[in-house]
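Just so it is clear, the values below take in all heavy atoms, side chains as well, and ignore hydrogens, waters and symmetry mates. What you see is a predicted model, and the numbers here were worked out from it, not measured in a lab.
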Amino acid sequence: MTSATKSRIRWSDLPGPVRAAVEEILGDRVVEAVSQQGGFSPGTADRVRTAGGRRAFVKAVSPAQNDRSPRLHRTEALIAAALPPTVPAPRLLGSYDDGDWVALVFTDVEGRHPVTPWDAGELTAVLSTLETMADALTPASIAAAPTAAEQLAADFAGWRRIAADPPADLDPWARTRLPELRAAADRGLAALAGATLCHLDIRADNLLIGPDGTVSVVDWPWACRGPAWLDSLMILVNVQVYGGHDPEALLRDLPLAAGVDPADLTGVLAGFTGFFLDGSRLPAPPGIPTVRAFQRTQGDALLRWLVRRLP
């Protein structure tokens, strides 16, 4: 995968007080910083090394890059600090917030993003990790986290917005099924109740495969309380986007989804499809020029899956 943002700042672009605060958290001077690819934040995403050889991962941003990103960093700091040690995620070493710049310092996890199109062995490892993670996060470790329905209510109204103002290039199948798609998304939103803390943004670029094959889950600002199967469904969405396997067959064999009404799963897929297709019509947010194209890619891919589930 290539970087999702072309305007990411680097460690050297951070103001002196921000770099000094990170070094204070690490207890040493940073002598090397390597910017990482992937993701959508226009802020820093650097693997750093100190003079004494300590390694860490640093992400920092201010409203000058994107006005929403500092709030997401602040939310992630709260979530990361509350994750149980059994969760396969980097540990938060410390954070800095001067009201403008927000910096998070994590343990550095050695690894790379999964191969796409998806490799069978890596996908099996990811699905197994997500199942274990759901168990570790049930009940949710952060009772104050929003529910999945609260987090996604506006997003899942995408088909309503599309129906009110259909784009000229709307898929003909979708154009004839708009009432059904709106109803499916509403059902999907209602199906999101649950007691599990869900990551909600599970994609290949938010996963790291270690040298020993272990999987780490990074970037937690969207965490919410929902059903145990939600994160596993999200990775199947990513499989639909990047290929390598049939997500429909994978969904049939998904242990966490056993016993879940297929119409509820279809509804959640419909909700995300409407969100991606509707969102792709908006202007690009500051500092994140490629997100709309990626939303369109995801929406088109999910629509092809919906056609199979809503014949």
Side-chain angles (χ1 to χ4, degrees), residues 1-8 34-42 45-47 57 59 88-90 108-134 198-222 229-257 265 268-269 271-273 275-277 279-280 284 288-309:
M1 294 177 295
T2 57
S3 177
T5 174
K6 302 301 182 185
S7 54
R8 171 167 288 160
V34 180
S35 184
Q36 303 301 296
Q37 300 296 305
F40 286 95
S41 172
D46 288 291
R47 280 189 162 120
F57 176 77
K59 55 195 301 186
D108 184 37
V109 176
E110 185 179 0
R112 56 168 177 77
H113 298 308
V115 172
T116 53
W118 277 86
D119 169 80
E122 291 182 0
L123 181 57
T124 297
V126 167
L127 288 170
S128 176
T129 297
L130 294 179
E131 186 174 352
T132 302
M133 189 173 82
C198 304
H199 180 281
L200 193 59
D201 198 22
I202 296 289
R203 307 187 308 258
D205 59 307
N206 281 336
L207 300 167
L208 293 174
I209 308 291
D212 60 354
T214 57
V215 179
S216 296
V217 183
V218 303
D219 292 343
W220 287 78
W222 300 107
W229 45 262
L230 182 54
D231 282 339
S232 294
L233 183 65
M234 295 304 300
I235 205 60
L236 298 191
V237 168
N238 202 246
V239 172
Q240 173 68 9
V241 171
Y242 287 116
H245 304 273
D246 179 7
E248 185 66 29
L250 293 168
L251 184 56
R252 285 195 298 268
D253 294 334
L254 195 66
L256 290 176
L265 298 173
V268 174
L269 293 173
F272 279 114
T273 306
F275 163 56
F276 292 138
L277 291 177
S280 71
I288 316 177
T290 61
V291 68
R292 301 309 182 199
F294 184 55
Q295 286 180 324
R296 181 59 187 259
T297 296
Q298 292 180 101
D300 288 344
L302 268 184
L303 190 63
R304 294 193 295 272
W305 193 0
L306 275 185
V307 169
R308 298 174 62 186
R309 296 186 66 90

Between H113 and L207, is a side-chain contact (heavy atoms from CB on, under 4.5 Å) present by the stated rule, with each step listed?
CA-CA 6 Å; H113 298 308; L207 300 167; 5.7 Å; no
Atom pair CG/CD of L306 and Q240 - distance to nearest 0.5 Å:
9.0 Å
Do V215 and P88 have side chains that get closer than 4.5 Å, going by heavy atoms?
no
Does CD belonging to E248 count more than 12 external heavy atoms closer than 6.0 Å?
yes
Can you find a heavy atom in the side chain of L265 that is under 4.5 Å from one in the side chain of R309?
yes
Do W305 and T273 have side chains that get closer than 4.5 Å, going by heavy atoms?
no
So how far is it from T124 OG1 to D119 CG, rounded to the nearest 0.5 Å?
8.5 Å
Could you give the distance from CG (L251) to CG (L269), rounded to the nearest 0.5 Å?
7.0 Å
Do the side chain of H245 and the main chain of V239 share a donor and acceptor less than 3.5 angstrom apart?
no
So among L123, I235, L208, I209, which one has a side-chain contact (heavy atoms from CB on, under 4.5 Å) with P114?
I209
Between M234 and N206, is a side-chain contact (heavy atoms from CB on, under 4.5 Å) present by the stated rule, with each step listed?
CA-CA 12 Å; M234 295 304 300; N206 281 336; over 6 Å; no
D219 backbone acceptor or donor facing W222 side chain under 3.5 Å:
no
With distance as the sole test, does S280 use its side chain to make a donor-acceptor pair with the main-chain N or O of L277 at under 3.5 Å?
yes
Let me confirm one number: the CE-OG distance from M133 to S232, rounded to the nearest 0.5 Å.
8.0 Å
Is H199 reaching over with its side chain to a backbone N or O of V218, donor-acceptor style, under 3.5 angstrom?
yes
What's the spacing between I288 CD1 and R8 CZ if we round to 0.5 Å?
9.5 Å
Quick one, N238 with I202, criterion side-chain contact (heavy atoms from CB on, under 4.5 Å). Give me CA distance, side-chain angles, the key distance, then yes/no.
CA-CA 8 Å; N238 202 246; I202 296 289; over 6 Å; no
Treating E110 as the side-chain partner and D108 as the backbone partner, does any N or O pair qualify as donor plus acceptor under 3.5 Å?
no
In sequence, state the C-alpha distance, the side-chain angles, and the governing distance for V126 and L130, and then conclude on side-chain contact (heavy atoms from CB on, under 4.5 Å).
CA-CA 6 Å; V126 167; L130 294 179; 4.0 Å; yes
Heavy-atom closest pair (A89 atom, W220 atom, distance to 0.1 Å) is CB-NE1, 3.6 Å
How far apart are the closest heavy atoms of G213 and A125, and which atoms are they?
O-CB, 4.1 Å
Hey, is the main chain of V109 close enough, under 3.5 Å, to the side chain of R47 for a donor-acceptor pair?
yes
Find the distance between CZ (F272) and CG (L302) and round it off to the nearest 0.5 Å.
9.0 Å
Closest non-hydrogen atom pair between W118 and A204, with its separation
CZ2-CB, 3.8 Å
Give a yes or no on whether a salt bridge exists between R296 and D300, defined as a side-chain N under 4.0 angstrom from a carboxylate O.
yes
